[in-house]
There are 2 protein chains.
Amino acid sequence: MDDEVVSSKHHNLEDIARLSGVSRSTVSRVINQHPNVSEKTRQRVLQVIDQVDFHPNLAARALVTQKLNVIGILIPHIVSKVFSDPFFPLLLQSITNTANQMGYSVTLWLTSTEGDSDDILGQVVNHRLMDGLIVASTVVDESFIQKLDERGKPFVIIGSPNRLDPHVNYVDVENEIGGYLLTQHMIKQQRQRIAHIPGLEKLRSSRDRQAGYLRAIHEAGMDAIIAPPGNFSEEGGYRSMQVLLDQQVDAVFCASDIMAIGAMQAIRAAGLCMPNDIAIGGFDDIHQAALTNPPLTTVHQPILRLGEVATEGIISILDGRVETSFHQILPVELIIRQSA
Amino acid sequence: MDDEVVSSKHHNLEDIARLSGVSRSTVSRVINQHPNVSEKTRQRVLQVIDQVDFHPNLAARALVTQKLNVIGILIPHIVSKVFSDPFFPLLLQSITNTANQMGYSVTLWLTSTEGDSDDILGQVVNHRLMDGLIVASTVVDESFIQKLDERGKPFVIIGSPNRLDPHVNYVDVENEIGGYLLTQHMIKQQRQRIAHIPGLEKLRSSRDRQAGYLRAIHEAGMDAIIAPPGNFSEEGGYRSMQVLLDQQVDAVFCASDIMAIGAMQAIRAAGLCMPNDIAIGGFDDIHQAALTNPPLTTVHQPILRLGEVATEGIISILDGRVETSFHQILPVELIIRQSA
DNA sequence: TCCAATTTTGGGAGCGCTCCCAAAATCTAT
DNA sequence: ATAGATTTTGGGAGCGCTCCCAAAATTGGA
């Protein structure tokens, strides 16, 4: 061991021990804030730690404790335009910020094409440098969830799983209720031909929003008019709206704000007026929703809170503070602006 | 060690060795594809590995090799609306995909408020569970870069650093040239009062785009008209454009597409026509640029390629295949549509 | 068949940490 | 001053891997 002690080269506990005149066990006790260290010793060790800017080797610690304080976020492939809709960026930001605040770091896993999906999922399941996982969508194979379970790797799903399973932790919002509330609002406005633009059939949240729409429509004895899915994109919303224009609808509930924004452009391009000719509503309440012309009526979902709850949930499991599985459904809120 | 050998519980090299009738050194040689293993032995070991679905403990490996195959991405705080402009989402996607394809995982670091910026930067510098770092913006203190250097932690900056420094690796695009080309295009269209909406004074890329604008303007003997920065947001572009409307400009070069889209909305709200009354141009060539009404003339920057080059660069350094620092400037391309 | 050269394989040691057990030091009461 | 109780501290061992050196096995030529 060379004599250059105050340098940016990495040190270990033995180095700190030697410099502060104690053993590495005592240094470890100071770092981990164990009791039974005299104040005098503690201060001396902390001074040396600060002086050489020591940071423990987390790989070595992980080898002993089997814990890394790392969580993964998996955003599955089919939401391939994951960032054209602000939902995922906001979620990612919320999860990362919450995890960092709780002393955890975050590994990001995206799948970009359907072809390499299995590769990435395999990598994620078997990756040994993270303690647990947040799966940011329900669009994953059952087999993937099963493999996580078999591996004993804790996970939380954002979105409700398709089947009840006692091992699955999840956080969701009231998608069905949101769809119901927005559609009912349009019914109360005495709209006669109310349509729905769904997002993605594979996604549970999309199906639930559509179920809410259908419940309100059937209660009113009206006909359901469902467009092809808009794939949660602006262009998709635009195209699906074009299909609806031929059907003389006077209101449309879109499964996301971004599709609503696209739909609005199609309405405008057809020379029609909102909300006079066609009322339009969305879901999410992204920042842009208030800035559209007219400002968008929408269902507010607490995306940042979703991320916080999912992160706090997985970390509670990893820190051993939660033993049973947890499920949490966050409330939505109808935001009435001018588009409907 | 219990006798339950085919289970999802984690195994180690000794387990695999016992099951395949060799030593843990031989198992390690097979896993790492070392030469000097007989084919018969290799097949036998691989069969057991597959049968119990064994994956090595990467923390233990890291302890020996001092290598984790993890890179970090840092998106600094000031781009706090990091995902309202599609630049960062696309970059993130590109980096994550490239890294995964090269057998690396990606840790995400965002700073969300100016207050905790120092905390997060401290965490990032000292975090021992990643080999290197991609810094996705030049908006970081010199002291942070210096600390990375002192730590010997390899990094690549996306964007040109403010000062030349032999230790700094970076990737950028031709921002100045892009600003110049777009402004020159407007000059050639015989626009008389050409303005600029910058993004963020702190950002080198923003200043460079403005420098390009100024070079073209000065070459044409025209007056520069510079709006308050639009902070790379749609609303910011809207507001900055409102300021410019009073100054009877007939063309505006915005430092990003998203600000151009906001500016277009302000122009439309003022009852003016594009490109007749005001020509508008942006930078980035995001997907939406082609879909605006009229379609946006812009400077195309290869965002996905930026991410690829940065990722390949940092991994080359980490794999020891590159010893000198590298700098790469990617070309931009003027995309002439209908807005200018 | 024997021997030297080459190939294949095994196991000690250590990476840097935490935990546990025991030694050493300190404190308090008699 | 002494002894028992309590607090503080030290060091062995092991987590799971890789590397290196040496032992064992194999091969080929004389």
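Just so it is clear, the structure is predicted and the values come from calculations on it, not from any experiment.
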> Say whether B:Asn36 and B:His34, considering side chains only, have a donor N or O and an acceptor N or O under 3.5 Å apart.
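No donor-acceptor contact under 3.5 Å links the two side chains.
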> Is the phosphate of C:dT18, meaning OP1 or OP2, less than 4.0 Å from a side-chain N or O of A:Asn32?
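Yes, because at least one side-chain N or O of A:Asn32 sits under 4.0 Å from OP1 or OP2 of C:dT18.
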> Keeping the roles fixed (side chain from A:Thr41, backbone from A:Val37), state whether a donor-acceptor pair exists under 3.5 Å.
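Checking the backbone N and O of A:Val37 against the side chain of A:Thr41, no donor-acceptor pair under 3.5 Å is found.
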> Round to a whole Å and report the spacing from CD of A:Gln66 to C1' of D:dG16.
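About 9 Å, once rounded to whole Å.
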> Nearest of C:dG11, C:dC17, D:dT18 to any side-chain atom of B:Arg61?
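Of the options given, the side chain of B:Arg61 lies nearest D:dT18.
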> How many whole angstroms separate atom CZ of A:Arg18 from atom P of D:dG10?
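One finds 15 Å between P of D:dG10 and CZ of A:Arg18, rounded.
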> If only side-chain N and O atoms of A:Thr41 are considered, is one of them under 4.0 Å from the OP1 or OP2 phosphate oxygen of D:dT9?
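It does, given that an N or O in the side chain of A:Thr41 lies less than 4.0 Å from OP1 or OP2 of D:dT9.
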> Tell me which nucleotide among C:dT18, D:dG16, D:dG11 gets nearest to the side chain of A:Leu13.
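Taking heavy atoms from C-beta onward, the closest nucleotide is C:dT18.
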> Of all the heavy-atom pairs spanning A:Phe155 and A:Asp149, show the shortest one and how long it is.
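Reported closest heavy-atom pair: CE2-N, 4.2 Å.
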> Can you check the A:Arg42 CZ to D:dT7 P distance for me, whole Å?
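So the CZ-P distance, A:Arg42 to D:dT7, works out to 15 Å.
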> Rounded to the Å, how far apart are A:Leu63 CG and D:dG14 C1'?
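After rounding, the gap between these two atoms is 9 Å.
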> When we call it a touch if two heavy atoms are under 4.0 Å apart, what does B:Asn57 touch: a base, just sugar-phosphate, or nothing?
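Sugar-phosphate contact only - B:Asn57 comes under 4.0 Å of backbone atoms but never of a base.
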> Looking at B:Thr26, I'd like to know whether one of its side-chain N or O atoms comes within less than 4.0 Å of OP1 or OP2 on C:dG10.
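So the side chain of B:Thr26 is within the cut-off, an N or O lying under 4.0 Å from OP1 or OP2 of C:dG10.
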> Report the nucleotide, chosen from C:dG11, D:dT9, C:dC17, that has the shortest atom-to-atom distance to any side-chain atom of A:Ser38.
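Closest nucleotide to the A:Ser38 side chain: D:dT9.
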> What's the closest nucleotide to the B:Arg29 side chain, out of D:dC21, D:dG16, D:dT9?
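When the side chain of B:Arg29 is considered, D:dC21 is the closest of D:dC21, D:dG16, D:dT9.
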> In terms of side-chain geometry, is the basic nitrogen of A:Lys67 or A:Asp319 positioned less than 4.0 Å from the acidic oxygen of its partner?
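A salt bridge links A:Lys67 with A:Asp319.
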> Just N and O in the side chain of B:Asn36: are any of them under 4.0 Å from OP1 or OP2 of C:dT8?
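Answer yes for this pair, as a side-chain N or O of B:Asn36 is under 4.0 Å from OP1 or OP2.
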> So B:Ser25, base contact, sugar-phosphate only, or nothing? Heavy-atom distance under 4.0 Å.
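Base, at least one base heavy atom under 4.0 Å.
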> Answer with yes or no whether the side chains of B:Gln43 and B:Gln47 bring together a donor and an acceptor at under 3.5 Å.
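Their side chains do not contain a donor-acceptor pair, so the 3.5 Å distance test is not met.
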> Send over the distance from B:Lys67 NZ to C:dC15 C1', rounded to a whole Å.
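Answer to the nearest Å: 16 Å.
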> Quick one: on DNA chain C, does B:Gly21 or A:Ala59 contact a more 5' nucleotide (nearest heavy atom)?
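Final value for this comparison: B:Gly21.
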> In whole Å, I'd like the distance from the CD atom of A:Glu14 to the C1' atom of C:dC17.
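Spelled out: CD on A:Glu14 to C1' on C:dC17 is 10 Å.
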> Which nucleotide in the set D:dG16, C:dG11, C:dC20 lies at the smallest distance from any side-chain heavy atom of B:Asn12?
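From the listed options, D:dG16 comes nearest.
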> Could you pick out which residue, B:Ala60 or A:Arg24, lies toward the 5' side of DNA chain C when each is mapped onto its nearest nucleotide?
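Taking each residue's closest nucleotide, the earlier one in sequence belongs to B:Ala60.
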> Can you tell me which residue among B:Asp15, B:Ile31, B:Val45 is in a side chain to side chain contact (heavy atoms under 4.5 Å, CB included) with B:Phe54?
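Per the side chain to side chain contact (heavy atoms under 4.5 Å, CB included) rule, the option paired with B:Phe54 is B:Ile31, out of B:Asp15, B:Ile31, B:Val45.
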> Calculate the interatomic distance between B:His55 atom NE2 and D:dC17 atom P; express it in whole Å.
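It is 12 Å, rounded to the nearest whole Å.
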> Could you state the atom-to-atom distance from CG of B:Leu68 to C1' of C:dC15 in whole Å?
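Between C1' of C:dC15 and CG of B:Leu68: 13 Å.
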> Between A:Ser28 and C:dT18, does any side-chain N or O lie under 4.0 Å from OP1 or OP2?
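Answer yes for this pair, as a side-chain N or O of A:Ser28 is under 4.0 Å from OP1 or OP2.
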